[in-house]
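Nothing fancy with the numbering, it's 1 onward along the sequence.
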Amino acid sequence: VYLVESGGGSVQADDSLRLSCAVSGDTFSSHYMGWFRQAPGKERQFVAYISWNGAKTDYSDSVKGRFTLSRDIVKRTMYLQMSRLRPEDTGVYYCATSFCVGFECAKVFKAIDEYTYWGQGTQVTVSG
């Protein structure tokens with residue numbers, strides 16, 4: 001499975017950005033997916049999660065109400081729409097994915113070690 005993020009950039013506070021994560025190499029529709037970010041000098045943190053079927057999403061408290069996650073199965077791409085960006089949103093954003101089986105798919109996956117495949121990251125810098 002290969003993940004490629006895009007859409008990062010430098011923006012002003014209150015601006016918007018849309019990150020994309022293109023997936024190749026395996027059955028996209030059977031994998032849950034997430035976004036994480038890592039600010040300079042800090043640990044990588046959970047940002048958002050979407051279930052394998054797109055029916056369930058979850059967000060960190062710091063981005064809830066400002067970020068929206070979606071996925072397009074035909075395009076094999078996941079999107080993170082980020083609005084009302086703040087300087088504290090600055091960091092490298094990583095998409096990640098893995099798969100679940102049966103009843104375990106009912107949970108929300110937020111831990112780094114619950115994700116097997118990772119992209120290379122895309123930088124988001126928010127000024128202001």
Side-chain angles (χ1 to χ4, degrees):
V1 178
Y2 300 94
L3 307 175
V4 179
E5 303 98 334
S6 61
S10 296
V11 297
Q12 296 294 313
D14 290 328
D15 281 351
S16 299
L17 275 177
R18 188 177 78 159
L19 304 184
S20 299
C21 175
V23 183
S24 61
D26 204 341
T27 306
F28 176 73
S29 61
S30 64
H31 285 62
Y32 60 85
M33 301 191 72
W35 284 97
F36 293 75
R37 69 185 180 196
Q38 188 164 17
K42 295 188 177 181
E43 295 184 350
R44 194 171 300 188
Q45 296 181 323
F46 168 78
V47 174
Y49 159 86
I50 188 165
S51 61
W52 67 274
N53 59 0
K56 184 189 303 180
T57 57
D58 199 4
Y59 303 89
S60 67
D61 289 342
S62 63
V63 308
K64 199 169 293 183
R66 299 187 297 122
F67 290 12
T68 303
L69 192 54
S70 62
R71 60 191 293 174
D72 186 324
I73 292 178
V74 174
K75 295 183 178 180
R76 299 173 61 88
T77 301
M78 175 177 66
Y79 304 98
L80 183 68
Q81 179 66 49
M82 307 186 294
S83 303
R84 304 197 310 276
L85 283 161
R86 305 168 180 169
E88 53 264 39
D89 293 320
T90 293
V92 179
Y93 282 69
Y94 299 89
C95 67
T97 188
S98 191
F99 64 90
C100 54
V101 179
F103 291 109
E104 72 170 342
C105 295
K107 68 173 286 187
V108 174
F109 297 88
K110 297 184 178 182
I112 290 174
D113 61 6
E114 292 178 319
Y115 289 80
T116 304
Y117 305 100
W118 292 80
Q120 81 290 348
T122 185
Q123 176 71 45
V124 172
T125 303
V126 184
S127 303

For this session: Find out whether Asp15 and Val126 are in side-chain contact, i.e. whether some heavy atom of one side chain is under 4.5 Å from a heavy atom of the other.
Result: no

Problem set entry | Separation between CG of Leu80 and OH of Tyr93, rounded to the nearest 0.5 Å | 7.5 Å

For this session: Could you check if a side-chain atom of Tyr94 sits within less than 4.5 angstrom of a side-chain atom of Val92, using non-hydrogen atoms only?
Result: yes

Exercise. Just by distance, do the side chain of Ser83 and the backbone of Ser16 share a donor-acceptor pair under 3.5 Å?
Worked result: no

For this session: Look at atom NZ of Lys42 and say whether more than 12 heavy atoms of other residues, nucleotides or ligands are closer to it than 6.0 Å.
Result: no

Exercise. Do the ring centers of Phe46 and Phe109 come within less than 6.0 Å of each other?
Worked result: no

Exercise. Between Glu5 and Thr122, is there a donor-acceptor pair closer than 3.5 Å when you use the side chain of the first and the backbone of the second?
Worked result: no

Problem set entry | Min side-chain heavy-atom separation Val124-Arg37 under 4.5 Å | no

Exercise. Under the 3.5 angstrom rule, does the side chain of Thr97 hit a backbone N or O of Tyr32 as a donor-acceptor pair?
Worked result: yes

Problem set entry | Heavy-atom pair with the smallest gap, counting every atom of Pro87 and Gly128 | CG-C, 4.0 Å

Exercise. Does the ring center of Phe67 lie less than 6.0 Å from the ring center of Tyr59?
Worked result: no

Exercise. Roughly how far, to the nearest 0.5 Å, is CE of Met78 from CD1 of Ile50?
Worked result: 8.0 Å

Exercise. Is the CD atom of Gln123 crowded by more than 12 outside heavy atoms at less than 6.0 Å?
Worked result: yes

For this session: Mind listing the closest non-hydrogen atom pair of Ser20 and Thr77 along with its distance?
Result: CB-CG2, 4.1 Å

Exercise. Can you tell me if Arg71 uses its side chain to pair, donor with acceptor, with the backbone of Gly54 under 3.5 Å?
Worked result: no

Exercise. How long is the span from the OG1 atom in Thr116 to the CZ atom in Phe99, to the nearest 0.5 Å?
Worked result: 6.5 Å

Exercise. Salt bridge or not for Asp89 and Arg86, using N-O below 4.0 Å?
Worked result: no

For this session: Mind telling me whether Tyr115 and Phe36 have parallel, tilted or perpendicular rings, with 30° and 60° as the class edges?
Result: perpendicular

Problem set entry | Side-chain donor or acceptor of Arg44 paired with backbone N/O of Gln38 under 3.5 Å | no

Exercise. Got a second to check how far Thr57's OG1 is from Leu69's CG, nearest 0.5 Å?
Worked result: 7.0 Å

For this session: May I ask whether Met33 and Tyr79 are part of the same hydrophobic cluster, defined by side-chain heavy atoms of I, L, V, M, F, W, Y residues being less than 4.5 angstrom apart, directly or through others?
Result: no

Problem set entry | Short side-chain to backbone donor-acceptor contact, Lys56 and Ala106, under 3.5 Å | yes

Exercise. Quick one: do Val108 and Ile112 end up in the same hydrophobic cluster if we chain Ile, Leu, Val, Met, Phe, Trp and Tyr together by side-chain heavy atoms under 4.5 Å apart?
Worked result: yes

Problem set entry | Distance, nearest 0.5 Å, that separates OG1 of Thr125 from CG of Leu17 | 9.5 Å

For this session: State the CG-CD distance between Leu85 and Gln12, to the nearest 0.5 angstrom.
Result: 11.0 Å

Problem set entry | Heavy atoms of other groups near Glu43 CD, more than 12 under 6.0 Å | no

For this session: Give the minimum heavy-atom separation between Glu114 and Lys110, together with the two atoms involved.
Result: OE1-N, 3.1 Å

